[in-house]
Amino acid sequence: MNEPKPTEPSHYVNTAPFDAYTAKALTIEEERFYRASSMKLIWWKFKRHRMALIALVFLGILYAMLPFVEFLAPYGLTKRHGDFLYAPPQGLHLFHDGQFIGPFVYPYSFKFDLERFQRTYVIDRTRPEPLRFFCAGERYRLLGLIPSDRHLFCPPENGTVFLFGTDRLGRDIFSRIIYGARISLTVGLMGIAVSFIIGLTLGGLAGYVGGWIDNAVLRTIEILRSLPELPLWLALSAALPPNWSPIVVFFGITLILGLLDWPGLALAVRSKLLSLRAEEYVHAAELMGASRARIIGRHLIPNFMSHLIASATLSIPAMILGETALSFLGLGLRPPVTSWGVLLNEAQNLAAIDIYPWLMIPMVPVILVVLAFNFLGDGLRDAADPYH
């Protein structure tokens, strides 16, 4: 009996025209993606996060300005104007009576109100006073080395320019905010540097070595996390001797912020190393005689460095807010050192805020910088896994 032959499977042939140039272009694009390094993949994905990109540019401009704050500020840090105590902000204008003049301010004078016992400032809108640019002003040392007296802009001749008003001593708040940025933005970077050194060291040893070192690190983290953060900050800050110089106090505050922020980073590093130490390349490095420090620093930590960068970016705002809170409460930095928290310390009097609301303006750069770091951290965290 003859068995029926199995039927041949039918083949589908696409009759559409084949464009070799388009197919080649797609293949090159795919090859470009699969051959790209991890940092290039992170950058490609990070660029799609628009708010994070804007935050990166904003923070980059701020940190690039820090070495040149003396040039950018129209007045010196301690310059006082005895005739303009608690002066309101002067508006910046371009046009006067429909005619373009350029950046200028209107001068004002004050009258003393005997009923309310305060100064009342009257603006003279008939006399526009143009600002001066790249002009000679108070002398300073650029970068602490080069003597100079040039400023980006200066007040008009025999005039004033108080863009954010003045404080109780007649000091320009705008200039003091620019000077305060150097301390407030630097303390976050230095604090996170201390935190990273401790967190990477202890977390790396706990995750790779294990044993009693792991138990000791975990118990220390549990003790630190069980303590309320703000009272601990206050206690350690209050323990700083009052006769210390402002620079030593600055480093003391930085050390306190770094010492209290490392547990979260150490836990993240420990969990990553626990999952990576069983990989084959780790065993190969051990067999070749590599030390523990080299294996952790050279082979393990670089595998999740992008996550560490995102974690650091999200931790810097906490450092800035910590310094601001301590200085606001009078337990952080103290004059003559100027930071945004020190400037806000003068806004503790609610009656003064009701009469002079511009004293709260130093709060604006704190909010903007914290939001920018949060947006940047979110973008880096999303871009850290480019294959997702």
Check whether any side-chain heavy atom of S315 sits under 4.5 Å from a side-chain heavy atom of L265, and report yes or no.
no
Check: R171 side chain, H81 main-chain N or O, donor-acceptor pair, under 3.5 Å:
no
Should L371 and L380 be counted in the same cluster of Ile, Leu, Val, Met, Phe, Trp and Tyr side chains packed under 4.5 Å apart?
yes
Counting N and O atoms only, with roles assigned by atom type, does the side chain of T254 sit under 3.5 Å from a partner on the main chain of M190, one being a donor and the other an acceptor?
no
Least distance between heavy atoms, I192 atom then M319 atom
N-CE, 3.9 Å
Got a donor-acceptor contact below 3.5 angstrom from the S339 side chain to the S184 backbone?
no
Pair R270 + D214, salt bridge at N-O below 4.0 Å:
yes
What closest approach, in Å, do G165 and D172 show between heavy atoms, and which atom pair accounts for it?
O-OD1, 3.6 Å
Can you see which heavy atom on P89 is nearest to which on L163, and at what distance?
CB-O, 3.2 Å
Under 3.5 Å donor-acceptor, H151 side chain and E70 backbone
yes
Taking the side chain as C-beta and beyond, is there a heavy-atom pair between V161 and Y75 under 4.5 Å?
yes
Where G159 and E129 come nearest, the two heavy atoms and their spacing:
CA-OE1, 3.8 Å
Do Y356 and L85 make a side-chain contact, defined as non-hydrogen atoms from C-beta onward lying under 4.5 Å apart?
no
Smallest separation among heavy atoms of R182 and L66, with atom names:
NH2-O, 2.8 Å
For Y140 and R150, indicate whether the former's side chain and the latter's backbone hold a donor-acceptor pair under 3.5 Å.
yes
Would you mind reporting whether V217 and L205 have side-chain heavy atoms less than 4.5 Å apart?
no
Among the clusters formed by ILVMFWY side chains lying less than 4.5 Å apart, do I197 and L200 turn up in the same one?
no
Check whether S195 reaches the backbone of G191 with its side chain - one donor and one acceptor, N or O, closer than 3.5 Å.
no
Are any side-chain N or O atoms of R139 and backbone N or O atoms of D149, one a donor and one an acceptor, separated by less than 3.5 Å?
no
Tell me whether V69 is reachable from I61 by hopping between hydrophobic residues (I, L, V, M, F, W, Y) whose side-chain heavy atoms are closer than 4.5 Å.
yes
Q90 side-chain N/O to V105 backbone N/O, donor-acceptor pair under 3.5 Å
no
Which atom of I223 lies closest to which atom of S226, heavy atoms considered:
O-OG, 2.6 Å
Under 6.0 Å between the ring centres of F104 and Y106?
yes
Distance-only, no hydrogens or angles: does the T166 side chain make a donor-acceptor pair with backbone N or O of Y86 under 3.5 Å?
yes
